[in-house]
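Only one structure is covered here, and it is reproduced in the block below.
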Amino acid sequence: MPDLPKHYDHQAAQTRCRGLWDSLRLWHAEPPAAGEPPGRVFSIVIPPPNVTGALHLGHALNNTLQDILVRARRMQGFRTLWMPGTDHAGIATQAVVERRLLEEEKLSRHDLGREALVARIWAWKEQYEQRILGQLRDLGASCDWDRVRFTLDEQCAAAVREAFFRLFQQGLVRRGKRLVNWDTFLQTAVSDDEVFHEEVKGHFWHIRYDVIDPEAGEPESVTVATTRPETLLGDTAVAVHPDPAAALAAVEQDLRQKRAAATAKEQPAIDAALDDLAARRRDLLPRLETLTAMARAGRQVRLPLLGRAIPLVADEWAKPEMGSGCVKITPAHDPNDYDVGRRQNLPMVNILNPDGTLNAEGGPYTGLTMKKARQQVVADLEAAEQLEQIEDRLIDLAHSDRSKTPIEPYLADQWFIRMAELAQPAIDAVADERIRIVPERYAKGYLDWLSEKRDWPVSRQLWWGHRIPIWHVAGVSEADLVAAFGDRETIAWTSDEAGGWFVCSSDESLPVDTVAGQPLERDPDVLDTWFSSALWPHSTLGWPAATPELACFYPTTTLVTSRDILTLWVARMVIMGLFDTGELPFREVSIHPKILDRYGETMSKSKGNGVDPVDVIEALGADALRFALAGMATETQDVRMPVDFQCPGCGHLVEQTTSNRTKPRIDCPKCGQAFRTQWATSEADLALPRGPAVSEKFEAGRNFSNKLWNATRFVLMSLGEKPAFPLPSLEPDSLELADRWLVSRLASVAREASAAIDEYRYAELARILYGFAWDEYCSAYLELSKSRLADPARQAQARAMLLLGLDTILRLLHPIMPFVTEEIWQHLREAAGTRRMPWDDQTAPLPESIMVAPWPAPPAAWIDEQTEKQFATFLAVVGGIREIRARQNVPPRQRVPAAIRCPAELASLLEPMRGAIESMAVVELTGLGPTAAGAADATTATAAGCDLLVDLADLVDVDAEIARLEKDNAKTAGFIKAKQAKLANEKFTARAPAEIVAGERAQLVELEERLAKGREALAALQSRQARAR
RNA sequence: GGGCAGCUAGCUCAGUUGGUUAGAGCGCCACGUUCACACCGUGGAGGUCACAGGUUCGAAUCCUGUGCUGCCCA
């Protein structure tokens, strides 16, 4: 047997295990050969990480959980595929590269041009894809590395074109105006999901619009208020409520209802609001009603500064309970106004250029930026005396998540996918549970979102992505198109409703550049990045080709993802999977929590609170990381992870806080040495050693690895020189109590672990195995085996049982901690390669890797509750004696006399464990049974129905023991009192189930016995104290 | 504004259909380098289960409300 070092070397093991797995390609999956049955199939597609940057802890969690499922199923004999890959992440990646381009070379994308920029992004992609895949391998992810895909690779691109073409052909793609969130920095529309809101200090300007030719009794002007005065240049109406009296009444009723339910503290505020409402009814309502009538009569007001006449309209968007009751309408630059514009058939005047400056509609302000235009407009309004009031106000301003600049709502032509028809089947699939979302509660969000059936805007004004396969041609007839493309099934077209045509093709390019002499112009936009993601489960398997992979592994089994992309990604995969293949993309969705920092904020690189998983992998091992992450994957939403910087000089941990987390260098408060962080950019800082961001949470996993390693050292040392290991005898009659117990526990634990995996209870899986391996196998069984190993008659069985236990633990733990379990398994294989587990193929050699070793499947018959109970008694006795010793500070190695007084049945049970008790509790048993008597001054305790009498002689501190017993007795007396009161309650005895009442009675008896013994012991000690004086 | 969660030991979290004296890891205290492991062992201290009501013989658990935190959607 080789000498194993005392500490597990995770780095060496990781290198060795990866080499083994890679050389055997154990992670590779093939569809069955023709005629071969597929057997049980398990497949997962990775949620492809964005090539924007390196992986963080959230990815580590996501992929650890997938790997747990994949490794377990593989061991269980499933044909198991885990499809790896990365996502091009459209806007996110382009934004990162553009920002660097600007920072480092002071160039914009327009300086570079489309082709050159895309080439730059490809270079970025290559770099980060390598980094990401390397991180996944470091993590131990057993993806099929022969099948790595990328959402923008040729196979995925073909799928994207085909899917889009089919949608187009079926009339599900439409062109339309849409108010988009315009990022003036990136000059693209961004989706709602890529927008964040931030409150900024701003103003509320009240502007007077004059009524054109007011008649007698009519107001001469209306006042509207806005936070964005420059948008008035695009105003096309002023709105008043169609029925202001009714609207006010509705608001009032609402307030009265609120007041009735309000607390006394809240009522004054509501009363004030009611007073205000009454004042409005009195002072403002007549004027509003006049305005409503004027609106109905088609009257107009004059737009300040530009002098344009715009209509008064009656629309419910105007709120009579707020401000002047009138509101300006800018349909092309405000989402609410856009809706009003559609309802009222108003012109929509776009005043913006894509770069955020004003276009020709801005009149004298043309060419100014929005910011400058605002200053100028305000100054001019003031000069024209049309500004009535300026209020300070906090404004909720939308910002682009990518460029961090304010968003301008902007009207633009976009491509949409109609959801009315597509959404329903995806709703049904979850509603009738053909797709199961775990935990279930997340299904609601999915269903609510889909049920809105909002059309999906899929075009993005970007250069990085799948270019929309649509060309435009004008000035030709349909007959010309038929002549040009009529015989091609891969080309379809539709009218642009302005005399031209949109031509869509599933081929990469059209066969011709012109139709009837007219040029075909390709749409410059690319598709929303989620479009290719939506195809991921089937595109990666080769769709639209009918590949063997698609036939075997699609639909996939499970999708593992975090909750925030349930709609953006999961729902769309269901939609497109069904549309393209007619089948669901997966059966179950396992949703896991997000990892937050110590303040409860989500981790992100930009905040600086992230952790690079590789830091943890290098410092403590991939298994430590995986164990901790699995342990955190409970059903709760958030997991907080306080992070520390580890000083590379002295190892001291420096708390990561909001104040230091973005610093490029930190001075260690302990050793004074400076170290760098991920933010270091200056040469001086980069020269410093790196202080990795870690968390103590990972140490438990590292310690656990080491525990397993050392348990293995013990087992290997115990095997002796010439190991030959048949299966241990498992005949119940031939087994000692400890063996029956181990076998029973192995069976229980294997079943619990399997169930936890089936139900995606990752944290429970980790906890079960940790507790069993550490507290039961190592602390109890392994300790017990020590005396047996010294006994030639019992040695062989003990060795075999130790191996059975260790091998089973390793296999159950392998999905969570693949490296340490493999490393150990290889050592065991070398030392005891002839062994077989009951669930192994008895005729074949032991598998080459634990990765493909059969999953433990102990029969239910092994579970023996009686034995487990008996064993618990034994452990309780040992614990009780240890407690006495510890309390009295008995030197750990000093053997003391002890007796156990207990009923005969317990005694006969404990008798075979006599030696074990003596060694584990370091005592010499002087008596065991109903009449066992301890020394006169023995220190006592009770445990599991046994009186433990430990003779500590002079070792005992009488005064301290008296004090402790008094406290203990008082506590017991308190419990007794509470129990008696409970049992005296007739309602309890009458209504509670009989077994509960009986249980309470039994406990009362036990407590009373304990108190009697405690008092007896106290009396003995007191007389001893008296004697001593 | 609507929806979904969370609030349990100093920290991070478990706690199954309501039922003994509410658990784990880390941290803390005491003792111990012993022969698998000090990345260890043995023992201990530490909780009004956010708050207020309610249902019940009995509530961390079920119901209602409040507060704070997070996320999603408008």
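Reminder, nothing fancy here: chain letters follow the sequence lines and each chain counts from 1.
In this view, W709(A) and Y8(A), H827(A) satisfy the ring-ring contact (aromatic ring centres under 6.0 Å, His included) rule, not counting sequence neighbours. Residues that satisfy the ring-ring contact (aromatic ring centres under 6.0 Å, His included) test with Y781(A), not counting sequence neighbours, are absent from this structure. For R882(A), the side-chain contact (heavy atoms from CB on, under 4.5 Å) test picks out V878(A), M920(A), with sequence neighbours left out.
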Report, one pair per line, the protein and nucleotides 38-40 of chain B atoms (nitrogen or oxygen only) whose separation is under 3.5 Å.
from   : atom 1 : to      : atom 2 : distance (Å)
C39(B) : O4'    : N703(A) : OD1    : 3.2
C39(B) : O2'    : N706(A) : ND2    : 2.8
C39(B) : O2     : R702(A) : NE     : 3.2
C40(B) : OP1    : N703(A) : ND2    : 3.4
C40(B) : O3'    : K707(A) : NZ     : 3.2

Please tabulate the protein-to-nucleotide N/O contacts below 3.5 Å involving nucleotides 43-47 of chain B, giving atom names and distances.
none

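Here K786(A) reaches the OP1 or OP2 of A36(B): one of its side-chain N or O atoms lies under 4.0 Å away.
The residue among T712(A) and T989(A) whose nearest nucleotide of RNA chain B is located toward the 5' end is T712(A).
Straight-line distance between the P atoms of G3(B) and U66(B): roughly 12 Å, to the nearest whole Å. Taking atom C1' in both A59(B) and G15(B), the straight-line distance is 14 Å, to the nearest Å. Here, A5(B) and C13(B) have their C1' atoms 16 Å apart, quoted to the whole Å. C62(B) and C7(B): their P atoms are spaced 11 Å apart (whole Å). Separation of the P atoms belonging to G18(B) and C63(B) is 11 Å when rounded to the nearest angstrom. Comparing the P positions of A45(B) and C51(B) gives an interatomic distance of 24 Å, to the nearest angstrom. Rounded to a whole angstrom, the distance from the C1' atom of G47(B) to that of U21(B) is 13 Å. Taking atom C1' in both U33(B) and U42(B), the straight-line distance is 14 Å, to the nearest Å.
Rounded to a whole Å, the OH atom of Y770(A) is 6 Å from the C1' atom of G25(B). Atom pair D775(A):CG and G25(B):C1' shows a separation of 11 Å (rounding to whole Å applied). Atom CG of L875(A) is separated from atom P of G41(B) by 15 Å (rounded to the nearest Å). If you take CZ of F714(A) and C1' of C35(B), they are 10 Å apart, rounded to a whole angstrom. Put simply, CH2 on W709(A) is 16 Å from P on A36(B), counting in whole angstrom units. Computed from coordinates, the N181(A) CG to A74(B) P distance equals 11 Å when rounded to whole Å. For the pair H592(A) NE2 and C71(B) P, the computed distance is 17 Å after rounding to whole Å. Between the P atom of C71(B) and the CD1 atom of I595(A) lies a distance of 15 Å, rounded to the nearest Å.
Comparing atom distances between the R441(A) side chain and each of A74(B), U42(B), A5(B) picks out A5(B) as nearest. Here U42(B) is the nucleotide among A36(B), U21(B), U42(B) with the atom lying nearest to any side-chain atom of S779(A). In this structure, the nucleotide among C73(B), U20(B), G3(B) sitting nearest to the side chain of R454(A) is C73(B).
Centroid-to-centroid, the aromatic rings of F627(A) and F698(A) stay 6.0 Å apart or farther.
What you find for T561(A) and N62(A) is that their closest heavy atoms are CA-ND2, 3.6 Å.
More than 12 non-hydrogen atoms from other residues, nucleotides or ligands lie less than 6.0 angstrom from CH2 of W774(A). Counting non-hydrogen atoms of neighbouring residues, nucleotides and ligands closer than 6.0 angstrom, the CD atom of E966(A) exceeds 12 such neighbours.
Across all strands, R1010(A) comes closer than 4.0 Å to base atoms (heavy-atom distances). Among the heavy atoms of the strands lying under 4.0 Å from E783(A) is at least one base atom, whether or not backbone atoms are also near. Within the nucleic acid shown, L1007(A) comes within 4.0 Å of at least one base atom, counting heavy atoms only. Contact annotation for L566(A): no contact, since no heavy-atom pair falls under 4.0 Å across all strands.
In this structure the side chain of L769(A) reaches within 4.5 angstrom of the side chain of V749(A), judged on heavy atoms. E764(A) has its side chain out of reach of E759(A): every pair of non-hydrogen atoms, C-beta onward, lies at least 4.5 Å apart. Annotation: side chain of L828(A) is in contact with side chain of T712(A) (closest heavy-atom distance under 4.5 Å).
Electrostatic pairing of R745(A) and E776(A) counts as a salt bridge here, judged by a charged N lying under 4.0 Å from a carboxylate O.
When both pairing distances are held under 3.5 Å, U69(B) makes a Watson-Crick or G-U pair with A5(B). Figure legend. A36(B) is base-paired to no nucleotide; pairs are counted as Watson-Crick or G-U wobble with both atom distances under 3.5 Å. Here G58(B) sits opposite no nucleotide as a Watson-Crick or G-U wobble pair (both hydrogen-bonding atom distances under 3.5 Å). In this structure, U16(B) makes no Watson-Crick or G-U wobble pair, since no nucleotide meets both defining distances under 3.5 angstrom. Using Watson-Crick or G-U wobble geometry with both donor-acceptor distances under 3.5 Å, A30(B) finds its partner in U42(B). Under the Watson-Crick and G-U wobble criteria, each requiring two contacts below 3.5 Å, nucleotide G53(B) is paired to C63(B).
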Once each nucleotide of nucleotides 8-19 of chain B is scored for protein heavy atoms under 4.0 Å, what B/S/- sequence comes out, 5' to 3'? ----BSS----B
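If you run side chain to side chain contact (heavy atoms under 4.5 Å, CB included) between E1008(A) and each of K979(A), K1013(A), Q980(A), Q1003(A), only Q980(A) comes through.
Checked by atom type, the side-chain pair D623(A)/H10(A) shows no donor-acceptor distance below 3.5 Å. Residues Y762(A) and T634(A) bring no donor and acceptor atom of their side chains to less than 3.5 Å of each other.
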